[in-house]
Amino acid sequence: MSVEQRAGRIGPVAGIAMAAVVALAGCSDDAEPAADKNPSVSGSSAAGAERPAEESPAPAGASQVDRSTAEAAVAAWVTAVVKGEAEDACLVMAEPAAGSGPARVGSAETCGDGAPERKQMEKSIGQFRESFTPEPPTDDPKVEVAKTPATGDEVKIPADRITVDGQPLDKIVLSHSTGVEEGLLDIKVESSRIEDLWYVTNLDFDIG
């Protein structure tokens, strides 16, 4: 596959499925052994990691996932994806304000069991789960994210700075795909600060 693919914004409701991951499931193989090329300085090993409620207000109905830093938000999101926890993944996702429209963040209304697009969210998370899960899989994956410099209220974290059970995320994705050579895949997870909390706001894929 030599064309470039770029995923769009993922928003708080998963109706915005990131099709690039799905496209990869038939596209690299033979990923090299994982290397811990970036020491983890920030992250979370559980999407449900609690933080004191007084530290910063969470959206109504949100679980106490750690949104204190971009790295913590990305770690919580990747952990939720690998564990198949659609609601926790949704709660740490957001869509920044655009034009005159306000920012939209994951909430009980957009992410809960009764949310109109919940089934689509679960389907999307299911597709990502396969691509993001290392071999051998574990019941309690440890996700770590290396500290990454921010540009204002936005951070783009390369997948090689995200590890799941010690394996870089870019290599994990490659190991589940065929036809994409190592070095041709560029994945970045974008996190944005919205009202003093950090959310995952975009997943950027370049292939080719």
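What you see below is based on every heavy atom in this structure, not just the backbone, and it leaves out hydrogens, waters and symmetry mates. Treat the numbers as computed from the prediction; the structure is a model and nothing was measured.
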For the CD1 atom of Ile187 and the NZ atom of Lys156, what is their distance to the nearest 0.5 Å?
14.5 Å
Flag for Arg161-Thr148: side-chain donor and acceptor within less than 3.5 Å:
yes
Is there a donor-acceptor contact under 3.5 Å from the side chain of Thr79 to the main chain of Ala75?
yes
With a 4.0 Å cut-off, would you call Asp153 and Arg193 a salt bridge?
yes
Which heavy atom in Ala89 sits nearest to a heavy atom in Ile125, and how many Å separate them?
CB-CD1, 3.8 Å
Report yes if some heavy atom in the side chain of Val164 is under 4.5 Å from a heavy atom in the side chain of Phe132; otherwise report no.
no
Does any N or O in the side chain of Thr69 come within less than 3.5 Å of the main-chain N or O of Ala72, such that one atom is a donor and the other an acceptor?
yes
A side-chain contact here means heavy atoms from C-beta on lying under 4.5 Å apart; do Arg67 and Val200 qualify?
no
Closest non-hydrogen atoms of Val92 and Ala73, given as atom of the first, atom of the second and distance, are CG2-O, 3.8 Å
Please report the interatomic distance CD1(Ile194) to CZ(Arg104), rounded to the nearest 0.5 Å.
11.0 Å
Does the side chain of Pro141 come within less than 4.5 Å of Lys83's, by heavy atoms?
yes
Between the side chains of Lys142 and Asp140, is the shortest nitrogen-to-carboxylate-oxygen separation below 4.0 Å, so that they form an ion pair?
no
NZ-CG distance between Lys188 and Leu203, expressed to the nearest 0.5 angstrom
11.0 Å
How long is the straight-line distance from SG of Cys111 back to CD of Glu87, given to the nearest 0.5 Å?
6.5 Å
Side-chain contact test, heavy atoms from C-beta onward, threshold under 4.5 Å: evaluate it for Gln167 versus Glu135 and give yes or no.
no
I'd like to know if the side chain of Ser191 and the backbone of Val74 have a donor-acceptor N/O pair within less than 3.5 Å.
no
For Glu190 and Thr201, which I'm curious about, is there any donor-acceptor pair between the side chains at under 3.5 Å?
yes
Set of side-chain contact (heavy atoms from CB on, under 4.5 Å) partners for Arg129, sequence neighbours left out
Thr133
Taking only residues two or more places apart in sequence or in another chain, which ones pass side-chain contact (heavy atoms from CB on, under 4.5 Å) with Ala97?
Ala103
I'd like to check Val143 versus Thr163 (side-chain heavy atoms, cut-off strictly below 4.5 Å). Are they in contact?
no
Can you find a pair of side-chain heavy atoms, one from Val155 and one from Trp198, that are under 4.5 Å apart?
yes
Starting at CG of Asp165, measure out to OG1 of Thr138 and round the result to the nearest 0.5 Å.
3.5 Å
Tell me whether Ser131 contacts the main-chain N or O of Phe128 through its side chain, where contact means a donor paired with an acceptor under 3.5 Å.
no
Between Trp77 and Met93, is there a side-chain heavy-atom distance shorter than 4.5 Å?
yes
How long is the straight-line distance from CD1 of Ile157 back to NZ of Lys147, given to the nearest 0.5 Å?
9.0 Å
